There are 2 protein chains.
Amino acid sequence: MSVTIKDVAREANVSVATVSRALNGHANVTHALRGRIREVATRLRYMPHGAARSLITRRTQTLGAILPDLYGEFFSELMRGMDVAAREHNLHLLVSSSHGSAEETADALRALSGRVDGLLVMSPHADAALLAQNLPPAVPTVLMNTRAGDGDYHTLAIDNHGGARTMVRHLLACGHRRIAMIAGPESNFDAEERLRGVRDALSDQADGELVVLRGDFSEKSGYMAGLEIQRMARRPQAVFAANDMMALGCLFALNVAGVSVPRDIALAGFDDIPMARFVTPPLTTMRVNIAELGERAARTLIGTLAGDDTPPRGIGAPELIIRESCGSPPSRRTAADPR
Amino acid sequence: MSVTIKDVAREANVSVATVSRALNGHANVTHALRGRIREVATRLRYMPHGAARSLITRRTQTLGAILPDLYGEFFSELMRGMDVAAREHNLHLLVSSSHGSAEETADALRALSGRVDGLLVMSPHADAALLAQNLPPAVPTVLMNTRAGDGDYHTLAIDNHGGARTMVRHLLACGHRRIAMIAGPESNFDAEERLRGVRDALSDQADGELVVLRGDFSEKSGYMAGLEIQRMARRPQAVFAANDMMALGCLFALNVAGVSVPRDIALAGFDDIPMARFVTPPLTTMRVNIAELGERAARTLIGTLAGDDTPPRGIGAPELIIRESCGSPPSRRTAADPR
DNA sequence: CCGCACCATGTAAACGATTACATCGCGGCT
DNA sequence: AGCCGCGATGTAATCGTTTACATGGTGCGG
């Protein structure tokens with residue numbers, strides 16, 4: 001049995017109320033007494049029982065995060081950002097990851113709903129309907145990278161559309177006109193936004209041509225797309241993959257086929273995964289700041305908890321990272337690209 | 001105000017006790033009544049209040065994870081493994097990451113101690129003393145990748161020593177005799193274990209020679225080491241870096257200096273980060289299964305919670321991944337190295 | 001010198017669940 | 001027919017904390 005506030009009270013010869021007040025920094029406790037109580041508490045290794053406290057205060061000091069199956073860098077960066085914000089406010093992070101289906105997401109939603117003060121949700125399956133159905137309306141929620149139109153919830157996202165547009169404009173500026181896009185799956189929100197950005201950028205350019213191939217964000221699908229591109233009669237001058245992994249797959253396919261990047265064809269990706277600058281040639285890409293997305297989402301949620309009901313300001317803008325794969329004059333960097 | 005068990009009881013014309021029994025699948029509730037209560041509960045969107053439940057059951061259904069500042073793949077894999085095990089037992093994961101100092105780790109330990117049923121700790125700062133001082137003795141704890149000798153706690157680790165030995169044996173088998181090791185910092189447990197493995201493997205080989213350089217696991221320190229190696233009078237025949245990032249740094253340094261890998265010098269790393277198979281030449285390395293480490297640690301903890309007090313069986317053995325950088329006959333793989 | 005206000009501290013009621021124990025009704029056995 | 005036992009349900013104690021309210025002592029003003 002662990003030590004409770006009663007033990008501290010007994011040991012210090014005061015009532016539990018006084019202990020509570022002393023330890024929580026309330027006014028109206030003599031300085032000397034507070035000191036004595038503190039001393040006793042640490043001597044006894046007293047730790048308040050979180051559940052009991054939550055029960056009465058209706059606060060859990062915990063933020064819940066519902067995430068899809070995330071691999072690699074993305075996941076850790078996102079968590080890191082959320083953690084930074086949470087820690088600042090002495091909040092904890094309860095995570096529930098690896099949700100492959102709407103069913104699983106709903107379960108997670110229900111399971112977490114009672115244990116957290118608010119929820120950070122990133123899930124392809126989480127639309128407004130699912131949330132409404134599985135959450136008590138009282139749980140503040142912030143959505144990340146979700147399909148728009150979920151008006152009732154605060155939503156944050158990477159500016160996929162703007163990022164893709166920026167990249168295509170850069171490719172156009174490099175003189176490329178026939179552009180192939182290796183897009184992501186149609187069901188994916190990020191993927192569609194990026195494709196939309198590409199279309200918009202090209203619609204500004206009268207003599208631009210676009211051919212769209214579908215991938216699934218995997219390296220392998222990029223490889224397949226690369227083989228196909230290399231076989232084309234009118235080969236595109238530039239390839240823009242919806243993420244770096246597909247860009248790398250494509251790069252290998254082109255290498256295997258003896259097509260040189262960037263001499264014969266330009267190539268660009270999206271995400272700036274660490275690997276991007278290590279391949280030859282280093283990959284031009286859009287850097288997205290995942291940690292910032294997580295941090296902002298957490299901050300927004302925390303704001304909501306505090307009663308601040310201003311919707312989140314703006315969305316994260318990816319940054320164009322020009323390396324050698326796109327055929328623009330290489331910027332002066334060492335191979336290792338130190339920051 | 002959210003809906004409580006009382007509301008359900010009132011609506012179903014029964015007592016709270018019956019509702020509790022019905023919903024928790026206890027015996028002694030009529031089938032019909034149970035059905036009615038279930039129906040009312042879902043209609044009212046009743047969700048049990050986790051804190052209230054924890055208060056009386058003394059279980060939080062939550063595992064705490066204390067992690068250091070972890071970037072990248074490692075973090076997400078570890079979490080994924082822990083999540084898999086936790087989810088199987090309907091447990092949640094409360095994470096507290098980014099602890100740079102012993103002070104911070106201690107804070108996190110204290111903050112989490114009341115909110116979880118058990119703790120998974122990976123931290124360079126968490127030795128037995130720190131834990132004992134900041135945790136109620138009742139909290140079951142499993143340590144990961146920590147310095148040995150923390151007898152009171154269950155401990156799991158990657159077999160760094162065995163992995164390093166395996167790699168050096170492979171290098172020896174390839175015919176290399178003068179071997180340079182780019183080690184990690186002396187303060188790091190993993191680093192020292194790997195170094196020890198190297199020494200042990202070489203002590204079996206009469207004509208083996210070892211030169212040790214120190215790095216700090218960063219790419220940059222690998223780069224510096226590479227420059228140094230390339231300048232050596234009696235250049236080593238093989239370089240073994242304590243992790244892949246340093247191996248890559250070294251590779252770039254050698255490239256810049258015009259030393260060809262593996263023709264002029266062999267190179268190997270440790271970790272098998274995704275990038276390892278994308279560089280040219282693809283990097284020979286030891287694959288460590290982080291997810292498995294996390295999963296095992298979680299399982300061990302869960303076992304302890306269930307009263308099962310057998311110490312964890314064995315430790316994760318890294319797997320030798322032979323690619324082209326070590327100068328052994330390349331195995332037949334495509335550039336993309338599909339699994 | 002009395003009384004009032006105020007401040008430090010104590011008492012006890014919540015919070016929402018679980019569960020030991022009490023109760024009630026019914027059927028079967030003697 | 002009466003009693004016993006058992007199965008279904010209700011009553012209330014309990015977990016550890018916070019906090020509204022009660023209490024009591026002290027100092028100050030009239």
Side-chain angles (χ1 to χ4, degrees), chain A residues 1-38 40-41 44-62 90 110-111 113-117 136 138-139, chain B residues 1-38 40-41 44-62 90 110-111 113-117 136 138-139:
Chain A
M1 191 55 57
S2 91
V3 30
T4 77
I5 198 173
K6 281 189 193 166
D7 302 316
V8 179
R10 186 167 351 98
E11 185 80 7
N13 279 316
V14 292
S15 72
V16 292
T18 305
V19 175
S20 172
R21 280 189 288 254
L23 262 28
N24 290 320
H26 278 231
N28 300 345
V29 181
T30 318
H31 190 72
L33 181 55
R34 192 190 301 269
R36 195 174 89 224
I37 292 176
R38 281 233 180 88
V40 172
L44 260 45
R45 296 253 170 81
Y46 166 66
M47 326 243 62
H49 190 292
R53 182 179 264 172
S54 307
L55 183 55
I56 189 87
T57 60
R58 337 264 319 139
R59 276 302 187 98
T60 59
Q61 309 288 19
T62 302
N90 281 313
R110 277 197 300 271
S113 67
R115 329 186 130 269
V116 300
D117 293 337
V139 183
Chain B
M1 190 55 58
S2 92
V3 29
T4 77
I5 198 171
K6 282 188 194 168
D7 302 316
V8 179
R10 187 167 348 99
E11 185 79 6
N13 280 316
V14 293
S15 72
V16 293
T18 306
V19 175
S20 172
R21 281 188 288 252
L23 262 28
N24 290 321
H26 278 232
N28 298 346
V29 181
T30 318
H31 190 71
L33 181 54
R34 191 189 301 269
R36 196 173 89 225
I37 292 176
R38 282 232 180 89
V40 173
L44 261 44
R45 296 252 171 80
Y46 166 67
M47 327 241 62
H49 191 290
R53 183 179 263 170
S54 307
L55 183 54
I56 188 87
T57 59
R58 335 266 319 141
R59 276 302 187 98
T60 60
Q61 308 289 19
T62 301
N90 281 312
R110 278 196 300 271
S113 67
R115 330 187 130 268
V116 301
D117 292 337
V139 182

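The structure presented is a predicted model; accordingly, all values stated were derived computationally and were not measured. Numbered from 1 within each chain, the chains take letters A, B, ... in sequence-line order.
Ranking dT18(D), dG10(C), dA17(C) by closeness to the Ile5(B) side chain, first place goes to dA17(C). When the nucleotides dC15(D), dT18(D), dA12(D) are ranked by their closest atom to the side chain of Val16(B), dA12(D) comes out on top. Of the candidate nucleotides dA12(C), dC15(C), dA17(C), dA17(C) has the atom lying nearest to any side-chain atom of Tyr46(B). Taking every side-chain heavy atom of Leu33(A) into account, dT9(C) is the closest of dT9(C), dT17(D), dA17(C).
For the pair Ile5(B) and Tyr46(B), the minimum side-chain heavy-atom distance is below 4.5 Å. Residues Asn13(A) and Arg36(A) meet the side-chain proximity criterion, which asks for heavy atoms closer than 4.5 Å.
Not a single donor-acceptor pair under 3.5 Å links the side chain of Thr30(A) to the backbone N or O of Ala32(A). Under the 3.5 Å distance criterion, the side-chain polar atoms of Thr18(A) are left unmatched by any main-chain donor or acceptor of Val14(A). Of the possible polar contacts, none joining the Arg115(B) side chain to the Gly50(A) backbone as a donor-acceptor pair under 3.5 Å is found. At distances below 3.5 Å, not a single donor-acceptor pair connects side-chain atoms of Arg59(B) with backbone N or O atoms of Arg53(B).
Looking at residues two or more places apart in sequence or on another chain, you find a side chain to side chain contact (heavy atoms under 4.5 Å, CB included) between Val40(A) and Val8(A), Glu11(A), Ala12(A), Arg43(A), Leu44(A).
If you measure from atom CG of Asn13(A) to atom C1' of dT9(C), you get 13 Å, rounded to the nearest angstrom. At whole-Å resolution of the value, CZ in Arg34(A) and P in dC7(C) are 15 Å apart. Going from atom CG of Leu23(A) over to atom P of dT17(D) covers 10 Å, rounded to whole Å. Protein atom NE2 of His49(A) is 17 Å distant from nucleotide atom P of dT14(D), rounded to whole Å.
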Quick one, give me the B/S/- string for nucleotides 20-26 of chain D, reading 5' to 3', where B means a protein heavy atom under 4.0 Å from the base and S means that only happens at the primed atoms, P, OP1 or OP2. B------
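Across all strands shown, Ser20(A) has heavy atoms under 4.0 Å from base atoms, whether or not it also approaches the sugar-phosphate.
Residue Arg58(B) places at least one side-chain N or O closer than 4.0 Å to OP1 or OP2 of dG16(D). The side chain of Thr4(B) places no N or O atom within less than 4.0 Å of a non-bridging phosphate oxygen (OP1 or OP2) of dG16(C). Regarding contacts with the backbone of dT17(D), every side-chain N or O of Ser54(A) stays at 4.0 angstrom or more from both OP1 and OP2. Checking the phosphate oxygens (OP1, OP2) of dC15(D), no side-chain nitrogen or oxygen of Arg53(B) falls inside 4.0 Å.
Heavy-atom distances to DNA chain D give each of Thr18(B) and Ile56(B) a nearest nucleotide, and the one nearer the 5′ end belongs to Thr18(B).
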